[in-house]
Student: 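For reference, the structure I am asking about is given below.
The shown structure was predicted, so the numbers you read here are calculated from the model rather than taken from an experiment.
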Amino acid sequence: MTFARLASLLVLSAALASSPASAETQLKVFLSSQGQPAVWRKAMDQFEASHPDIKVTIELGGATSDVQAQYLNTVMSAKDPSLDVLILDVIRPAQFAAAGWLAPFPGKDLHAYLRPYAEANSVDGKVVALPAFADAMFLYYRKDLLDKYGIAPPKTWDELATAAQKVTDGEHNPSLQGLSFQGKAIEGAVCTFLLPYWSQGKTMAEDGKLTFDRDAATKALALWKSLVDKGVAKKNISEVATDDTRKEFQAGNVVFAVNWGYAWALAQGVGSPVAGKVAVARLPAVAGGEQSTCLGGWEWGVSAYSKHQEEARALAEYLSSPDVSKFMAINGSLLPTYPALYSDSEVTKAAPWFAEAIPVVQTARARPATPRYNEVSEVIRTTVNAVLAGASTPADGATQIESRLKRILR
Ligand code: GLC
């Protein structure tokens, strides 16, 4: 290289170093593909507009919570600094904090948020993440079809089976399924199992100790299997993940669906074949049991390995603010993390059922909070899947879950 060329390169690099572009902080946010990423992008655009020296890029995680967790486990175990802010399923802060992967929010007060999220994000007296959105499982149904057949939203799974059969018999549409739920071996299948299990008044774990009831577990697994055997749910339900349920319901091929909050904005959105025909209710109970649901939700964590701690914290605080929670509720039907927003008129205009959703979220049950949650999840979701695929009986499945969980939650 000639001296002249070297000199010009040096001038060029000095110019680049002093240009405004290089003074910018680049933040990378890890986001779930199932939680309205396009709407979050708009919230991040607003943040960029008020922080001209920060640019935010998004890395989209895999389709399900468990796939995302696997990826994050790899990145975080390697102490990789490339991700600054992470969206985490509500079941993960305990594990991530125990691993030392989250930078805490010193002095942050979580009282303004719904209590389950204040609890999930406080680990050993530290605030380790901030609520992104609330969630719970609900029963979505085709209001037009229930009205047509004079059926009220079912309160038990038996009522649901009868209602589904009445509608599908009457419609003579071979592609219409009575019920869609998640039977694939994904994180959501843990909740599939827990819905009828909890409905029998049982708990899984208390104070980190296993409180498993094998008979109730057998009944829970048998309930789902019987819905498949009766033809209420389709035969290959063991291949159905959350967004499959959402898509099939949205396409008009499902009467009842078990799903989370995000499905509303999409089913009711412009161009959806079922827009205006959808309603949401509490999930049914097992006969004689209580209606119960699974607490979901997502949290914003700052990676302990981020090289931009201060900016990353500012972004997480912003994304967890009341304004953004309201924006996401209206535009993405993500349930708010602040109680007052459930009765905000702009929010209830966009999602009228939110007004009744707050007690559901407040009484939703949490999956066991343990640093070993990944193992707990694996045991349950693979067993649910095996029973639905016909590879295991409900009784054997329940025995399997019990003996494997005994080794994890002692
Ligand atoms: C939803 C919930 C989350 C849950 C997941 C399972 O995204 O918010 O908590 O684990 O669904 O599929």
Student: Can you tell me how far CG of L145 sits from CD1 of I151, rounded to the nearest 0.5 angstrom?
Tutor: 9.0 Å
Student: Taking atom types as modelled, find out whether S320 and Y113 have a side-chain donor-acceptor pair closer than 3.5 angstrom.
Tutor: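 Looking only at side-chain atoms, Y113 and S320 do form a donor-acceptor pair, the distance falling under 3.5 Å.
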Student: Between S303 and D84, does any side-chain donor sit less than 3.5 Å from a side-chain acceptor?
Tutor: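 No donor-acceptor contact under 3.5 Å links the two side chains.
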Student: Decide, yes or no, whether a salt bridge links E171 with K166 under the criterion of side-chain N to carboxylate O below 4.0 Å.
Tutor: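 Looking at E171 and K166, the cut-off is not met.
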Student: Side chains of K209 and L409: closer than 4.5 Å at any heavy-atom pair?
Tutor: no
Student: Atom CG in L86, atom CH2 in W101: separation rounded to 0.5 Å?
Tutor: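 Output value for this atom pair is 10.5 Å.
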Student: Any chance you could lay out the side-chain contact (heavy atoms from CB on, under 4.5 Å) test for Q200 and D213, step after step, and finish with the verdict?
Tutor: CA-CA 10 Å; Q200 298 167 74; D213 185 306; over 6 Å; no
Student: Identify whether the distance between the nearest side-chain nitrogen and carboxylate oxygen of K55 and E311 falls below 4.0 Å.
Tutor: no
Student: Quick check: F193 with W224 (ring centres under 6.0 Å apart)?
Tutor: no
Student: Out of the candidates F327, W300, W298, F47, only one should pair with W40 under the ring pair (Phe, Tyr, Trp, His ring centres under 6.0 Å) rule; please name it.
Tutor: W300
Student: Please identify which of these residues, V254, V258, V232, meets the side chain to side chain contact (heavy atoms under 4.5 Å, CB included) condition with S180.
Tutor: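 With S180 as partner, side chain to side chain contact (heavy atoms under 4.5 Å, CB included) holds for just one option, V254.
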Student: State, without any angle test, whether S175 and N173 hold a side-chain donor-acceptor pair at a distance under 3.5 Å.
Tutor: yes
Student: I'd like to know if R367 and E187 make a salt bridge, using a cut-off of under 4.0 Å between side-chain N and carboxylate O.
Tutor: yes
Student: So, E375 and R372, do they make that salt bridge, N to O below 4.0 Å?
Tutor: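 A salt bridge is present here (some side-chain N lies under 4.0 Å from a carboxylate O).
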Student: Taking the six-membered ring for Trp, are F133 and Y117 closer than 6.0 Å centroid to centroid?
Tutor: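 Judged by ring-centre distance (under 6.0 Å), F133 and Y117 do not meet the cut-off.
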Student: Ion pair present between K126 and D124, side-chain N to carboxylate O less than 4.0 angstrom?
Tutor: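 Salt bridge flag = no for D124 with K126.
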Student: For the residue pair D243 and Q34, confirm or rule out a side-chain donor-acceptor distance under 3.5 Å.
Tutor: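 Checked: D243/Q34 side chains show no N/O donor-acceptor pair below 3.5 Å.
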Student: Between F138 and W353, how do the two ring planes meet: parallel, tilted or perpendicular, split at 30° and 60°?
Tutor: perpendicular
Student: Say whether T64 and D66, considering side chains only, have a donor N or O and an acceptor N or O under 3.5 Å apart.
Tutor: yes
Student: When you check the side-chain N and O atoms of T162 and Q165, is any donor under 3.5 Å from an acceptor?
Tutor: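 T162 vs Q165: no donor-acceptor pair found between side chains.
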Student: Report the distance from atom CE of M204 to atom CG of L194, rounding to the nearest 0.5 Å.
Tutor: 5.5 Å
Student: Can you name the closest pair of heavy atoms from G252 and V274 and give their distance?
Tutor: CA-CG1, 3.6 Å
Student: Below 4.0 angstrom, N of the basic side chain to O of the carboxylate: do E119 and R115 qualify?
Tutor: yes
Student: Should E248 and K234 count as an ion pair when the cut-off is N to O under 4.0 Å?
Tutor: yes
Student: So, E59 and K28, do they make that salt bridge, N to O below 4.0 Å?
Tutor: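 Counted as a salt bridge, because a side-chain N and a carboxylate O are separated by less than 4.0 Å.
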Student: How about NZ on K143, more than 12 heavy atoms from neighbouring residues, nucleotides or ligands closer than 6.0 Å, or not?
Tutor: no
Student: For the pair F249 and Y140, name the ring-plane relationship: parallel under 30°, tilted 30 to 60°, perpendicular over 60°.
Tutor: perpendicular
Student: Does a donor on one side chain sit under 3.5 Å from an acceptor on the other, for E356 and Y342?
Tutor: no
Student: With the threshold set at 4.0 Å, does a side-chain nitrogen-carboxylate oxygen contact exist between D229 and K225?
Tutor: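 Salt bridge between D229 and K225, a charged N being under 4.0 Å from a carboxylate O: yes.
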